[in-house]
Amino acid sequence: MRYEFLIGLRYLRAKRTETFISLNTVFSVLGVTAGVMTLNIVLAVMTGFEEDLRDRILGFNPHVAIHGDGGRVPLAAAAVEKVRALPGVVAVAPVVEGQAMLAAERSVTGAKVVGLPPDFDVLDIESRLSAGRLADLERLHEVALENGHEGAVELGGIVLAKEVTRQLGVGVGDPVTLISPVTKPTAIGMIPRVKRFVVVGVFDSGMAEPLAFMHLPDAQRFFDLDRDVSDIEVRVRDAEAADAVAAAIRTALPPGVRVRDWMESNRSLFSALRLEKTVYFIVLLLIVVVAAFNIVTTLIMVVMEKRKDIAVLKSMGATAAGVARIFVFKGMLVGMAGTLCGNLLGFAACWLLGRYELVELPKDVFYVNTLPVVMHVEYFVAVTVAALAISVAATLYPARQAARLVPVDVIRYE
């Protein structure tokens, strides 16, 4: 073992006259520990929010969406077969999408309406249903007339997001009115399209986006598309490779369509999250920088206290570089101790937050009830490297001062 390391390790132990220096060393270790632990926790929470949001977006959005210019996809049936034959594509379905208003008694809300084919398998909506079944969209349902009138009427089914049912105050079996903002000409002028449906299911998307699903033929009639569709939705085998599949679809299909993958559609959102994570990393890294100033102060005081020892070492043949390494090793040991403790405490805190859901979030502000925590090894490695680099950088000035000491001057005056 090199003598520089042994002497640096020995300088960590304080004598009676060096209690203050030892206390500063402890504070330096605690400062690095606090910084590393906080960094790990914040990165795990930010990663948890990002991945949870991604999963929620993909839960009710296709990996790739094909939009038709003018609101119609030309030759949709042929396009579906071409896309289905591409490598990496798992499921393809033609759909109709449009914006409309939903009304029930005295409540009105806007919603994105999606018409689904009977064999729709691009999204796993069935598992998110808290009431009803998607199959109920394919048949008519008998609903009693309101306002005391006797008899019943048969209405098509509609499945609503939980947030929409809460705003409208309806549940399964209640009728709702779907109103299109696009008007149609009649004998008495331009009026909006209006059609009654009955709620046959409720789903929880985990997001605040108002959604409504209906049978594809019903949506085609309501939005006046005849047998055409407005979009084609695609699910791919690897969501992270959706951009490559989207590029292949653009090449396979003729002009007249727009192809967007989920990453492109949500690019600004995820860019903002990554930028926020980077800013948090830089800001919280300042805690480690503050702790590094403690390391600088401690090492400077050690150099002043050990002037005679340094002079003796140089007189015995120690080089200036060897003396500098003594204090670099001492600072590295402080940084390594603080980094190790910070990583262990950060891992323990993240595990506890994820396992026992200790922190509850207000439901009216966040879309999750507790902090989502996701730990990645690469983030722990990045924090460790950054903390150790700062700790080593903090030792350079004191080590240089120690290396520049002249043994003759120290022995002559002290």
Side-chain angles (χ1 to χ4, degrees), residues 57-102 110-123 125 137 158 178-185 190-195 205 207 209-237 239 241-271:
I57 289 175
L58 291 179
F60 278 85
N61 287 277
H63 295 159
V64 180
I66 304 170
H67 309 284
D69 291 340
R72 296 171 187 255
V73 177
L75 303 174
V80 167
E81 295 305 319
K82 286 184 178 180
V83 173
R84 184 174 284 120
L86 294 175
V89 174
V90 177
V92 186
V95 300
V96 170
E97 289 188 3
Q99 297 293 329
M101 291 187 296
L102 284 163
K112 175 184 174 182
V113 180
V114 183
L116 306 178
D119 56 348
F120 184 79
D121 58 352
V122 174
L123 304 176
I125 302 174
L137 294 175
I158 191 169
L178 191 64
I179 306 169
S180 172
V182 180
T183 58
K184 62 178 181 179
M190 304 296 289
I191 62 172
R193 295 189 182 92
V194 179
K195 189 172 179 60
S205 67
M207 303 287 286
E209 182 182 11
L211 281 172
F213 296 116
M214 57 195 303
H215 195 33
L216 180 59
D218 292 338
Q220 289 171 325
R221 285 191 295 270
F222 181 77
F223 290 106
D224 196 21
L225 291 176
D226 296 326
R227 294 188 177 182
D228 292 336
V229 296
S230 62
D231 302 89
I232 297 175
E233 296 187 347
V234 182
R235 176 163 58 92
V236 302
R237 185 172 293 106
D243 54 345
V245 177
I249 293 174
R250 292 188 188 97
T251 304
L253 296 184
V257 296
R258 291 175 291 111
V259 182
R260 301 188 70 186
D261 60 85
W262 69 272
M263 290 179 284
E264 182 182 356
S265 300
N266 300 278
R267 191 180 305 279
S268 58
L269 174 61
F270 286 103
S271 295

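Position 1 is the first residue of the sequence; numbering continues from there.
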I need the single residue from [options] that forms a side chain to side chain contact (heavy atoms under 4.5 Å, CB included) with [X]. Which is it?
| X | options | answer |
| --- | --- | --- |
| Leu178 | Leu102, Val194, Asp218 | Leu102 |
| Leu116 | Val95, Val96, Asp121, Leu216 | Val95 |
| Val73 | Leu253, Ile232, Val80 | Ile232 |
| Ile66 | Asp231, Ile249, Val92 | Ile249 |

Distance in Å, Arg260 CZ paired with Asn266 CG, rounded so as to fall on 0.5 Å steps: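 Spacing of CZ (Arg260) from CG (Asn266) equals 8.5 Å.
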
Electrostatic pair Arg267:Glu264 at N-O distance under 4.0 angstrom: no

Salt-bridge present (Arg221, Asp224; N to O < 4.0 Å):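 Salt bridge absent between Arg221 and Asp224.
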
Close side-chain approach of [X] to [Y], heavy-atom, < 4.5 Å:
| X | Y | value |
| --- | --- | --- |
| Ser180 | Gln99 | no |
| Asp69 | Val257 | no |
| Val234 | Val259 | no |
| Arg193 | Ile179 | no |
| Val90 | Val236 | no |
| Glu97 | Phe223 | no |

So which heavy atom on [X] is nearest to which on [Y], and how close?
| X | Y | answer |
| --- | --- | --- |
| Ala219 | Gly115 | CB-CA, 3.6 Å |
| Ala93 | Phe120 | CB-CD1, 3.6 Å |
| Ala100 | Val113 | CB-CG2, 3.9 Å |
| Val229 | Pro94 | CG1-CB, 3.8 Å |
| Met263 | Ala242 | CE-N, 4.1 Å |
| Leu123 | Glu233 | CD1-OE1, 4.4 Å |

Is the ring pair Phe60/Phe213 parallel, tilted or perpendicular, if the boundaries are 30 and 60 degrees? parallel

Are there over 12 heavy-atom neighbours, none belonging to Arg237, within less than 6.0 Å of that residue's CZ?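 For Arg237, atom CZ is not crowded (no more than 12 foreign heavy atoms under 6.0 Å).
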
Just by distance, do the side chain of Arg72 and the backbone of Leu225 share a donor-acceptor pair under 3.5 Å? yes

Quick check: does any side chain N or O of Trp262 sit under 3.5 Å from a backbone N or O of Leu58, one acting as donor and the other as acceptor?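 Flag not set: sc Trp262 to bb Leu58 has no pair under 3.5 Å.
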
